[in-house]
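Data first, discussion second: the structure below is written as structure tokens.
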Amino acid sequence: MIKFLKSTFEKLIEGTLFLSSTITTLAIVLIIIFLFKEGIGTFNQTPIEDGFSLVVNKNNPVNELTANEIKNIFDQNITNWKTVGGKNDSITLFNIDNIGEFYSDSAIGENFEFLPQCISDYTENNPGAIAFVTTRYTGKGFTGKILTTTKVNISQFISQKEWFPTAQPAAQLGVLPLILGTLWVSFGAILIALPLGLATSIYMAEITSPKIRNILKPLIELLAGIPSVVYGFFGLVIIVPGIQKLFDLPVGETALAGSIVLAIMALPTIITISEDALRTTPKAMKEASLALGANKWQTIYRVIIPYSGSGITAATILGIGRAIGETMAVLMVTGNAAVIPHSFLEPVRTIPATIAAELGEAPQGGLHYKALFALGCILFIITMAINLIVGYVSSKKKYNAR
Amino acid sequence: MKTKITTALFIAIVISISAFAQNVVNIKIKGSDTVLPLSQKEAETFMKKNKTAKITVTGGGSGVGIAAFVDGSTDIAMSSRKMKMSEKMKLQDAGKAYKEVIIANDALSVIVNPANKINQLTREQIEGIFTGKIKNWKEVGGNDEKIVAYSRESSSGTYEFFKEHVLNNKNYGTAILMMPATGAMVQSVSQTKGAIGYIGFAYMETNVKALKISYDKGKTFIEPNVTNAKNKSYPVVRPLYYYYLTKDANKVKTFIDFILSEEGQKVVNEVGYISLK
């Protein structure tokens with residue numbers, strides 16, 4: 001009887017364990033599916049907001065415009081149809097707000113019932129006109145030509161350099177500066193945090209006395225408990241003006257400021273995990289090395305570090321993971337200008353910061369919303385690639401060591 | 001699919017909660033962070049007067065509020081911009097009629113570092129600076145110093161308003177720095193010598209300098225202050241909106257009437273916005 005109870009109990013525990021691992025895996029898979037489903041929705045959509053269209057005179061030979069051309073036309077950087085493959089004729093922008101300049105109130109109608117007619121008229125009489133109007137006005141009886149817009153595609157999404165997701169008439173979705181900004185800031189952070197973190201963990205694991213270590217370790221772990229907004233604020237008030245003065249820059253919000261803040265944030269992870277890894281080196285190995293005549297530094301360098309290599313790698317991955325995915329602190333100190341960075345002393349915009357700053361206001365299910373999910377996919381792919389590469393490299397190294 | 005389930009669940013919870021408290025005023029307000037402090041103060045004052053009323057105010061941004069409004073998970077959406085065409089069409093598709101009320105106005109100040117000797121700019125000059133065509137202060141009569149232009153994030157209603165009314169609907173330049181919050185903007189402008197930025201009136205502080213602005217090509221420069229904003233001589237004034245469903249009109253009426261009353265408009269001034277009258 002007791003034996004039976006015992007075995008049921010064991011089965012129960014086994015079941016619970018199985019269930020929790022299944023749920024976890026399922027949740028992760030679901031999140032990834034959701035992320036990619038929303039993200040892929042970005043592509044094959046027109047960059048023009050739903051319910052609007054661009055119309056031109058019906059004799060205009062231009063049929064299709066890219067998002068970038070539309071932006072330049074409405075910013076008045078392109079002023080001739082020839083630039084976009086049309087006739088040599090200047091472009092006249094038509095804006096619904098100043099329709100009063102061309103048509104009297106009675107012509108438009110009290111409830112704007114004749115407005116579609118007016119727009120139709122206007123595009124007919126002005127061969128160079130381009131108008132951005134709601135699709136309600138381009139129904140039957142409309143004599144102009146509705147332009148098609150080049151749809152968003154993956155290569156454009158990744159290679160274009162302008163990020164204006166809320167631009168009217170056409171959203172500009174170029175994520176290259178964001179990707180480079182993210183990599184740039186994370187790279188800087190790792191460059192600072194890895195040597196510093198590794199040095200500290202070696203010091204704590206091998207060199208210092210247990211007394212000092214007992215003081216240092218909780219202090220460093222405390223660093224991990226500080227909320228990231230606090231780091232961001234600290235960066236904005238202390239590091240940003242510091243960098244500005246030190247390098248005599250016009251602006252202190254730079255990639256470097258972001259890297260420093262991220263490095264400080266990644267340090268506790270790197271130190272704690274790699275220190276734990278260093279301390280797992282069996283005492284016998286260390287003593288054997290010392291007995292063979294190696295001094296302390298040689299032992300650390302030739303025995304302890306190679307032995308705990310996988311632990312240090314794990315620490316690095318987690319550190320990079322934290323750096324790449326960190327949002328709030330970076331949002332506050334990097335300036336968030338979506339330009340391609342050329343040095344560490346320039347403002348950059350990272351992917352997490354972009355998602356955090358923009359998701360709140362993006363109309364749900366719209367192009368901007370989906371584009372932010374696509375950014376999330378890119379971030380996911382980057383982190384995954386780094387994990388795989390580091391995993392591959394460390395596994396190879398172990399093989400060689402044997 | 002998953003979002004649909006969560007939305008349905010959320011709506012079910014909301015319905016069951018609201019069914020509990022049917023005869024008391026129970027209003028949920030969600031949306032713009034700009035309007036948030038105002039709504040909170042108004043709700044507080046209102047609830048002090050009406051003990052049975054229960055008003056919950058949450059921020060998140062204009063777009064979040066309107067999205068929740070379309071889903072039906074909030075009674076009032078507060079917004080610092082007009083509803084977009086796509087959002088209107090979603091409401092139309094769902095067969096929901098809504099009403100729009102302007103509850104207060106907000107004036108935008110263009111600010112620079114106090115060390116900057118420039119005191120006034122024309123709209124055209126500001127447009128040049130924020131579209132990236134003017135890059136040095138000496139081009140507008142200042143010292144030989146690089147201009148560092150700060151903007152809010154594109155999610156901000158203030159961003160859209162500034163673009164429409166000051167930049168003449170042109171896009172911001174790519175090198176413009178984007179700040180996540182108004183407080184961060186004030187901090188950065190106060191510590192960067194060549195900085196220029198824009199903030200809501202209520203956030204004005206002594207460590208930055210507000211510029212006089214001209215909308216008539218430099219004939220008259222108007223200082224941003226309450227009097228000039230109220231008599232409409234200051235050009236950069238924007239309305240703050242409340243949206244509610246026509247079928248909820250009875251439910252929200254007492255609260256909105258209170259905001260539009262003299263007492264409610266006094267609160268508007270206290271919070272730092274411009275009252276309607």
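A, B, ... follow the sequence lines: proteins, then strands. Residue 1 opens every chain.
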If you tally heavy-atom pairs under 4.5 Å between each of V339(A), L249(A), N77(A) and chain B, the highest tally belongs to V339(A)
Whatever's closer than 4.5 Å to a heavy atom in chain A on K163(B) counts as side chain
Note: Y172(B) and F164(A) closest approach over all heavy atoms is O-CZ, 2.8 Å
The interface call for F233(A) against chain B, heavy-atom contacts under 4.5 Å, is neither
Honestly, the part of P177(A) sitting under 4.5 Å from a heavy atom of chain B is neither
*Got M179(B) and N336(A) here, is their nearest side-chain heavy-atom distance under 4.5 Å?*
no
For K96(B), I'd like to know if atom NZ has over 12 heavy atoms of other residues, nucleotides or ligands within 6.0 Å. yes
Donor-acceptor under 3.5 Å (D75(A) side chain, N171(B) main chain) | yes
- Query: Can you find a pair of side-chain heavy atoms, one from P250(A) and one from E145(B), that are under 4.5 Å apart?
  - Reply: no
Notebook entry, point to check: Would you say the side chain of Y150(B) lies within less than 4.5 Å of the side chain of E253(A), judging by non-hydrogen atoms?
Noted result: yes
Minimal heavy-atom distance between I176(B) and A337(A), with the atoms involved, is O-CB, 3.1 Å
State, with a plain yes or no, whether a side-chain heavy atom of K193(B) is found less than 4.5 Å away from one of Q244(A). no
OG1 (T174(B)) and CZ (R349(A)) are apart, to the nearest 0.5 Å, by 12.0 Å
Given 3.5 Å as the limit, does a donor-acceptor pair link the side chain of Q191(B) with the main chain of L236(A), or not?
yes
Chain B shares the most heavy-atom pairs under 4.5 Å, among Q172(A), M332(A), Q76(A), M328(A), with Q76(A)
Bottom line for S188(B): the part with an atom under 4.5 Å from chain A's heavy atoms is both
